[in-house]
There are 2 protein chains.
Amino acid sequence: MKETMNRNLFAPTTEIAPNLESLRIDTPPVTLREMALERLRNAIIAGLFSPGQRLVERTLCDQLGVSRSVIREVLRHLETEGLVETAPKQGPIVALIDWHQARQIYDVRIALETTAVADCARNADSATKEKLKTVLEDLDRNSRKNDALTILAATTEFYETIFLSGGHEIAWDIVKRLNSRISRLRVMTLSTTNRTVSGPARMREIFNAILRNDPDAATTACRAHIMEAAKIAESLLAPTDEAKF
Amino acid sequence: MKETMNRNLFAPTTEIAPNLESLRIDTPPVTLREMALERLRNAIIAGLFSPGQRLVERTLCDQLGVSRSVIREVLRHLETEGLVETAPKQGPIVALIDWHQARQIYDVRIALETTAVADCARNADSATKEKLKTVLEDLDRNSRKNDALTILAATTEFYETIFLSGGHEIAWDIVKRLNSRISRLRVMTLSTTNRTVSGPARMREIFNAILRNDPDAATTACRAHIMEAAKIAESLLAPTDEAKF
DNA sequence: TTCCGTATGATGGTATACCATAAGACCGCG
DNA sequence: CGCGGTCTTATGGTATACCATCATACGGAA
């Protein structure tokens, strides 16, 4: 970091403002902290750091190329998100998750997602339905390739559309955070045999229920969707009954 | 902070260890950060800082008697919790809340609390029922005094008992955070006429349903309890349709 | 008087220095 | 050989220094 302070902002000013609104400069002045936060979070979610692994601050400084101030604030953020735990007299580690916690997360997801899905089935406009249709078609194309990460992204977009169409930003935020805590679990869940088939099938059930404005059917399908995932997760996590993942 | 590093730990070592387990020293070495976090969070919840008010870092340093490192990490934590927002080019302010958000929070509470209450009604053991009885009796005693904060604490304990009895720590954590974001709203809600009557009445309904292991009745009462609160909150917040509180 | 440019102060972003502590390595004495 | 003490080092906790930027105030020129 000897050589700092001139990293971005070198785009030539050749952009043309088509209207008055777009003249506005609201460059969210991307701070180092935000970049570091995103990088580190993604790294943890992607499994670049194993659960339980120590996150030594000075090491992270080298790895991310920022100072400890930044790293520490990022760690506080991730700690509050539940992705990082801080062991006393030891410092931050990647959060572990056991079946007791994972199960709770699936429970909360059921409570929130069924609510959102039912609400969407009641009120969805045609634009929302169109969007969901598109997402599902993408998912169908990709699920044949069995690419877990792509499927995960499409699944996320599917639910995001549902949550946001009903104005449930806060609930979606909660679900997103919970999902990040079980991200590795979700990837493994998706890799399981048949999941790449049953998952999209359930989502299509949900979609059809939304199409015909049937909240109850949507709720049922959504609950089934999550409980199937939870079941697979349990089979991965529960037998050992130790803090895996 | 010229004079640091010898703040606690001066308790004389005259404690007697009644058994081997209690010999263990797990003093969570209370860090400045934890203390500052709690203080600042409480101050915001208590309304010592008005919503929208700027939280100038150096000023907070003086007020809390700690350095900016500590303050900034605490602010990151509170920001992630949703109690503080950071306006670009301006810095941290106490988070504002409008009816759109508050409503969502009540929605999520309904989803999570009805789930917990129903679960409790299905599985509650006698110890839990006893605990709830005690809490309710305390509440009855205090509700006559119309002390909003005391009632709030009792209400919190009531729900905490329900959540934790079913092992729903994560859901409770979420609810706690959401509640802190509408804390001022809750206090005002409680001050409303009749709320000091209808609130405990609803909680007794919930309690009775739990006593006789009736999940459906418990769910219904719980939903009614929250929706009544939301209704009052709406009347306080919605008409203006501006970012109050 | 009005407008523009500059100076100044406040503030957040970032980096770094310092300290206490705990865990491990090492060594010498029994 | 083993045990206890001490030294070293790694690490997190805390404080502070420095910088870029933005807002405001002020002053001079038209």
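From a predicted model like this one, the values you see are computed outputs, not experimental measurements.
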Sidechain-backbone polar pair: [X] side chain, [Y] backbone, donor-acceptor under 3.5 Å:
X: B/D119; Y: B/T115; result: no
X: A/S50; Y: A/Q53; result: no
X: B/E169; Y: B/L164; result: no

Rounding to an integer number of Å, can you tell me how far [X] [atom1] sits from [N] [atom2]?
X: A/I93; N: D/dG12; atom1: CD1; atom2: P; value: 12 Å
X: B/E57; N: D/dT16; atom1: CD; atom2: P; value: 15 Å
X: A/Q90; N: D/dG13; atom1: CD; atom2: P; value: 11 Å

*Of A/R58 and A/S69, whose closest DNA chain C nucleotide lies nearer the 5' terminus?*
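Upstream on the strand: A/S69.
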Report yes if a side-chain nitrogen or oxygen of [X] is closer than 4.0 Å to either non-bridging phosphate oxygen (OP1 or OP2) of [N]; otherwise report no.
X: B/R68; N: C/dG12; answer: no
X: A/R72; N: D/dG13; answer: yes
X: B/R33; N: D/dG13; answer: yes

*Polar pair under 3.5 Å, donor/acceptor by atom type, side chain B/R54, base C/dG12*: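 For B/R54, whose side chain was compared with the base of C/dG12, there is no donor-acceptor pair (under 3.5 Å).
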*Hey, is B/R76 close enough to B/E73 for a salt bridge, meaning N to O under 4.0 Å?*
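So B/R76 does not pair with B/E73 through a salt bridge.
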*Using the six-membered ring wherever Trp is involved, compare the ring planes of A/H225 and A/Y159 and label them parallel, tilted or perpendicular (cut-offs 30° and 60°).*
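Parallel: the ring planes of A/H225 and A/Y159 meet at under 30°.
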*asked:* Minimum heavy-atom separation for A/L112 and A/A171, please, with both atom names.
replied: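 Heavy-atom minimum between the residues: CD1-O, 4.2 Å.
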_Side chain of B/P92 only, heavy atoms from C-beta on: which candidate in C/dT16, C/dG12, D/dT14 is closest?_
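Looking only at side-chain atoms, B/P92 lies closest to C/dG12.
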Do any N or O atoms of the protein come closer than 3.5 Å to N or O atoms of nucleotides 7-9 of chain D, and which pairs are they?
none

*B/L55 near the nucleic acid: base, sugar-phosphate alone, or nothing, with a heavy-atom cut-off under 4.0 Å?*
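It contacts sugar-phosphate atoms only.
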*asked:* Need one value for A/L75: base, sugar-phosphate or nothing, where a base atom within 4.0 Å counts as base even if backbone is also close, heavy atoms only.
replied: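 Counting heavy atoms under 4.0 Å across all strands, no contact is made by A/L75.
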